[in-house]
Amino acid sequence: MNPAIGIALLLAVLQVSRGQKVTSLTACLVNQTLRLDCHHENTTTLPVQYEFSLTREKKKHVLFGTMGVPEHAYRSRTNLTGNYNLKVLYLANFTNKDEGTYTCELRISGQQSIPNYKNVSVLRDKLVKCEGISLLAQNTSWLLLLLLSLSLLQATDFVSL
């Protein structure tokens with residue numbers, strides 16, 4: 001094999017494997033809605049496919065995504081938001097029947113890549129309430145938060161600039 005081709009293939013494999021890494025999956029409760037935050041790296045220019053699923057009693061149920069077909073029972077209860085490196089799934093009317101292991105899985109479109117995923121075990125009685133400030137911090141740049149904090153502190157005379 002030509003060494004230049006080998007290096008190009010290695011770089012392509014590295015880009016694919018790095019471009020889809022799920023860094024964390026967390027779950028919390030907003031009123032009666034389950035919120036799943038799937039944080040991931042996004043270092044590729046290729047489209048990233050995703051899937052949220054629930055494994056309950058050894059059976060996988062696709063909730064939302066671009067890889068599998070979501071089950072009819074979940075289509076009217078799910079909503080997705082997100083940005084460059086965060087996908088947030090909301091599952092409305094969360095009950096004990098929705099307990100199980102939730103998965104966020106990512107793949108690079110059009111590539112024979114190894115899927116990258118994280119799991120989180122969700123039990124209704126063990127779920128924490130989503131915090132208002134953490135929701136703001138997850139969806140707002142740190143610089144904007146810092147500027148807002150400084151102006152608030154200055155307005156209350158804690159900081160004199």
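Because the structure is predicted, anything quoted here is derived from the model rather than measured.
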Would you please test Leu36 and Val88 for side-chain contact (heavy atoms from CB on, under 4.5 Å) and show each step? CA-CA 6 Å; Leu36 296 168; Val88 180; over 6 Å; no
Assigning hydrophobic clusters by single linkage (Ile, Leu, Val, Met, Phe, Trp, Tyr; side-chain heavy-atom cutoff under 4.5 Å), is Met67 placed with Leu91? no
hydrophobic_cluster_shared for Val62 and Leu34, side chain cutoff 4.5 Å: no
Not counting sequence neighbours, list each pair that qualifies as a salt bridge (charged side-chain N to carboxylate O under 4.0 Å, His left out) and has a residue in residues 44-53. Glu51-Lys60
Under the side chain to side chain contact (heavy atoms under 4.5 Å, CB included) rule, collect the residues that match up with Thr33, sequence neighbours excluded. Tyr90, Ala92
side-chain hydrogen bond (donor to acceptor under 3.5 Å, both in side chains) pairs touching residues 91-102, sequence neighbours excluded, are Arg77-Asp98
Side chains of residues 118-128: which donor-acceptor pairs under 3.5 Å do they make with residues two or more places apart or in other chains?
residue	atom	partner	partner atom	Å
Asn119	OD1	Thr103	OG1	2.5
Arg124	NH1	Phe94	O	3.3
Arg124	NH2	Gln32	OE1	2.5

Listing request: all disulfide bond (SG atoms under 2.5 Å apart) pairs with a residue in residues 50-85, at least two apart in sequence or in separate chains. none
Spacing of CG belonging to Leu54 relative to CD belonging to Glu71, to within rounding of 0.5 Å: 8.5 Å
May I have all residue pairs that pass disulfide bond (SG atoms under 2.5 Å apart) and include part of residues 47-93, sequence neighbours excluded? none
Before you tell me yes or no, could you show the steps for Ile108 and Val48 under side-chain contact (heavy atoms from CB on, under 4.5 Å), namely the whole-Å CA-CA distance, both residues' side-chain angles and the distance that decides it to 0.1 Å? CA-CA 5 Å; Ile108 302 296; Val48 176; 4.0 Å; yes
Check side-chain hydrogen bond (donor to acceptor under 3.5 Å, both in side chains) between Arg75 and all other residues, then give those that pass, not counting sequence neighbours. none
What is the distance from atom CG of Leu80 to atom CZ of Phe64, rounded to the nearest 0.5 Å? 5.0 Å
Evaluation steps, side-chain contact (heavy atoms from CB on, under 4.5 Å), between Asn116 and Glu105: CA-CA 6 Å; Asn116 189 279; Glu105 180 179 338; over 6 Å; no
How long is the span from the CG atom in Asn85 to the NE2 atom in His40, to the nearest 0.5 Å? 6.0 Å
Residues in side-chain hydrogen bond (donor to acceptor under 3.5 Å, both in side chains) contact with Tyr50, at least two apart in sequence or another chain: none
With a cut-off of 6.0 Å (strictly less than), are more than 12 heavy atoms of other residues, nucleotides or ligands near OH of Tyr117? no
Enumerate the disulfide bond (SG atoms under 2.5 Å apart) contacts for residues 37-77, please, sequence neighbours excluded, ordered by first and then second residue. Cys38-Cys104
Identify the two heavy atoms, one from Pro70 and one from Gly65, that lie closest to each other, and give their separation to 0.1 Å. CG-N, 4.5 Å
Of the non-hydrogen atoms in Lys87 and Asn83, which two are nearest, and what is the gap between them? NZ-O, 4.5 Å
